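Quick notes on the structure that follows.
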There are 2 protein chains.
Amino acid sequence: MKKFEEHAPYCPMVKTMGYIGGKWKPIILARIAVGNIRFGKLTIQIPDISRKILSQQLKELEDDGLIIRHSFNEKPPRVEYELSDLGKTLMPILHAMNEWGEKVASRLP
Amino acid sequence: MKKFEEHAPYCPMVKTMGYIGGKWKPIILARIAVGNIRFGKLTIQIPDISRKILSQQLKELEDDGLIIRHSFNEKPPRVEYELSDLGKTLMPILHAMNEWGEKVASRLP
DNA sequence: TTCATTAGTTACTTTAATGTTACTACTTTT
DNA sequence: AAAAGTAGTAACATTAAAGTAACTAATGAA
């Protein structure tokens, strides 16, 4: 039924979605993009995310090389996250998304 | 570049994710952005999406005012989708995502 | 006559994503 | 001595997302 010739041999959008396709990832990345940030601060800035999901998503972002995790050996623990060089290349996407959200929010209540 | 913190009271990223946050939506939108396209053509260009999900996502995109559905009263049926004016304002995001996917694909195998 | 075509829908099942609660370790503060 | 603070994790429960198979209508073609 589907013709092979018409299949997109490789889709950049699919690739991108593989990295930032989660419900929370762009939101998390946008927060980290502002500057190094601690785990607890993220849970405050993104009130609707649970610690479990946040932790999980951060790990995926780290595994994908988009963020760097800095763990200071202190008690109580302190961990900071920052964008990696690769993560910083996402800034145009994050900014475009941020701007769009602003515009839509101001026009459609 | 503007800092995300300047727009913190409501979260524009969350708003944007509400519109294009699905697994398939950016991919579908990117396809429609290329030009008016029929339902069946979309199922060919996005081989891994089922008709059910495609139909469902298209309806959501239409309800959100991002795309316009043109139904020609023919048998067998013909339906074409195009970006609305609002949908066209997503182009910077879609374009940035597409470019990022291309770059990452070329650098990381 | 029977098949192929198109853009879906319906009913059902499975998988992925997300949430909840309780818990840890170590130090400092009350 | 108890409590507060941090960055998580484990076990379990739930919800959201996605997949599958079968079906429709009207027409033209084999």
Side-chain angles (χ1 to χ4, degrees), chain A residues 1-7 11 13-14 16-29 31-32 35-64 66-82, chain B residues 11 13-14 16-29 31-32 35-64 66-83:
Chain A
M1 184 149 285
K2 290 169 185 168
K3 293 174 189 166
F4 180 77
E5 309 83 57
E6 293 185 282
H7 284 186
C11 181
M13 293 298 287
V14 172
T16 302
M17 290 301 283
Y19 282 84
I20 63 168
K23 176 180 176 183
W24 298 108
K25 281 181 180 172
I27 297 165
I28 295 168
L29 286 166
R31 288 292 161 190
I32 297 178
N36 285 24
I37 189 167
R38 299 180 62 170
F39 183 88
K41 201 85 177 169
L42 281 171
T43 66
I44 293 167
Q45 293 190 356
I46 311 173
D48 290 339
I49 198 172
S50 69
R51 275 184 305 242
K52 181 200 149 192
I53 299 299
L54 178 57
S55 168
Q56 191 179 290
Q57 301 291 299
L58 286 168
K59 197 169 289 170
E60 286 182 24
L61 291 171
E62 195 196 356
D63 289 346
D64 284 342
L66 299 179
I67 64 175
I68 299 167
R69 181 179 180 275
H70 299 282
S71 178
F72 302 83
N73 201 27
E74 301 175 4
K75 295 294 160 60
R78 181 157 72 96
V79 175
E80 284 183 13
Y81 294 91
E82 68 165 336
Chain B
C11 185
M13 292 298 287
V14 173
T16 302
M17 288 302 282
Y19 282 84
I20 62 167
K23 175 181 177 183
W24 298 108
K25 282 182 180 172
I27 298 165
I28 295 169
L29 286 167
R31 289 290 163 187
I32 297 178
N36 285 24
I37 189 168
R38 298 179 65 169
F39 183 88
K41 201 85 176 168
L42 282 171
T43 67
I44 292 167
Q45 293 190 356
I46 312 173
D48 290 339
I49 198 172
S50 69
R51 275 180 307 219
K52 182 199 147 193
I53 299 297
L54 178 57
S55 167
Q56 190 178 290
Q57 300 291 299
L58 285 168
K59 198 170 286 169
E60 286 182 25
L61 291 170
E62 195 195 356
D63 289 346
D64 284 342
L66 298 179
I67 62 175
I68 300 167
R69 180 178 181 277
H70 299 283
S71 178
F72 302 83
N73 202 26
E74 302 175 4
K75 294 296 160 61
R78 181 156 70 97
V79 175
E80 284 184 12
Y81 294 91
E82 67 165 335
L83 286 192

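Bear in mind the structure is a predicted one, so any value in this text is a computation, not a measurement. Naming: A, B, ... by sequence-line order, numbering from 1 per chain.
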For this session: Name the closest nucleotide to the B/P77 side chain, picking from D/dG8, C/dA7, D/dA26.
Result: C/dA7
Exercise. Any side-chain N or O of B/Q56 less than 4.0 Å from the OP1 or OP2 oxygen of C/dT9?
Worked result: no
For this session: Could you tell me the separation between the NZ atom of A/K41 and the C1' atom of D/dT6, rounded to a whole number of Å?
Result: 14 Å
Exercise. To the nearest angstrom, how far is A/E60 atom CD from C/dT18 atom C1'?
Worked result: 12 Å
Seminar exercise, completed: B/I27 CD1 to D/dA18 C1', in whole Å, measures 14 Å
Exercise. Taking only residues two or more places apart in sequence, or in another chain, which ones meet A/K52 in a side chain to side chain contact (heavy atoms under 4.5 Å, CB included)?
Worked result: A/S50, A/Q56
Exercise. Rounding to a whole Å, what distance do you find between A/M17:CE and C/dA16:P?
Worked result: 17 Å
Exercise. Just checking A/F72: base, sugar-phosphate only, or nothing, at a heavy-atom cut-off of under 4.0 Å?
Worked result: nothing
For this session: Let me know the distance between CD of B/E74 and C1' of D/dA25, rounded to the nearest Å.
Result: 14 Å
For this session: Before accepting this row, confirm whether a basic side-chain N of the pair A/E60/A/K25 lies closer than 4.0 Å to the acidic partner's carboxylate O.
Result: yes
Seminar exercise, completed: Picking from C/dT6, C/dT9, D/dA7, the nucleotide nearest the side-chain atoms of B/P76 would be C/dT6
Exercise. Quick one: does B/I46's side chain get under 4.5 Å of B/I49's, heavy atoms only?
Worked result: yes
Exercise. Looking across every strand, which nucleic acid part, if any, lies under 4.0 Å from A/Q57 by heavy atom: base, sugar-phosphate, or nothing?
Worked result: sugar-phosphate
Exercise. What residues form a side-chain hydrogen bond (donor to acceptor under 3.5 Å, both in side chains) with A/R51, not counting sequence neighbours?
Worked result: none
Exercise. Partners of A/K23 by side-chain hydrogen bond (donor to acceptor under 3.5 Å, both in side chains), sequence neighbours excluded?
Worked result: none
Exercise. What integer distance in Å separates B/L58:CG from D/dA18:C1'?
Worked result: 15 Å
List every contact pair, protein side and nucleotides 19-23 of chain C side both N or O, where the distance is under 3.5 Å.
{"from": "C/dG19", "atom 1": "N7", "to": "A/K52", "atom 2": "NZ", "distance (Å)": "3.2"}
{"from": "C/dG19", "atom 1": "O6", "to": "A/K52", "atom 2": "NZ", "distance (Å)": "2.2"}

Exercise. For DNA chain D, whose closest nucleotide is more 5', that of A/K75 or that of A/F39?
Worked result: A/K75
For this session: Output all residues satisfying side-chain hydrogen bond (donor to acceptor under 3.5 Å, both in side chains) with B/E62, sequence neighbours left out; order by chain, then residue number.
Result: none
Exercise. Should B/R78 be listed as having a side-chain N or O under 4.0 Å from OP1 or OP2 of C/dA7?
Worked result: no
Problem set entry | With B/I68 via side chain to side chain contact (heavy atoms under 4.5 Å, CB included) - residues at least two apart | B/H70, B/E82, B/S84
Exercise. Between B/R38 and C/dT5, is there a side-chain N or O to OP1/OP2 distance below 4.0 Å?
Worked result: no
For this session: Determine: side-chain N/O of B/S55 to OP1/OP2 of C/dT9, distance under 4.0 Å, yes or no.
Result: yes
Problem set entry | Length of the CG-P vector between A/L54 and C/dA17, whole Å | 17 Å
Problem set entry | Whole-Å gap separating P (C/dA7) and OH (B/Y81) | 8 Å
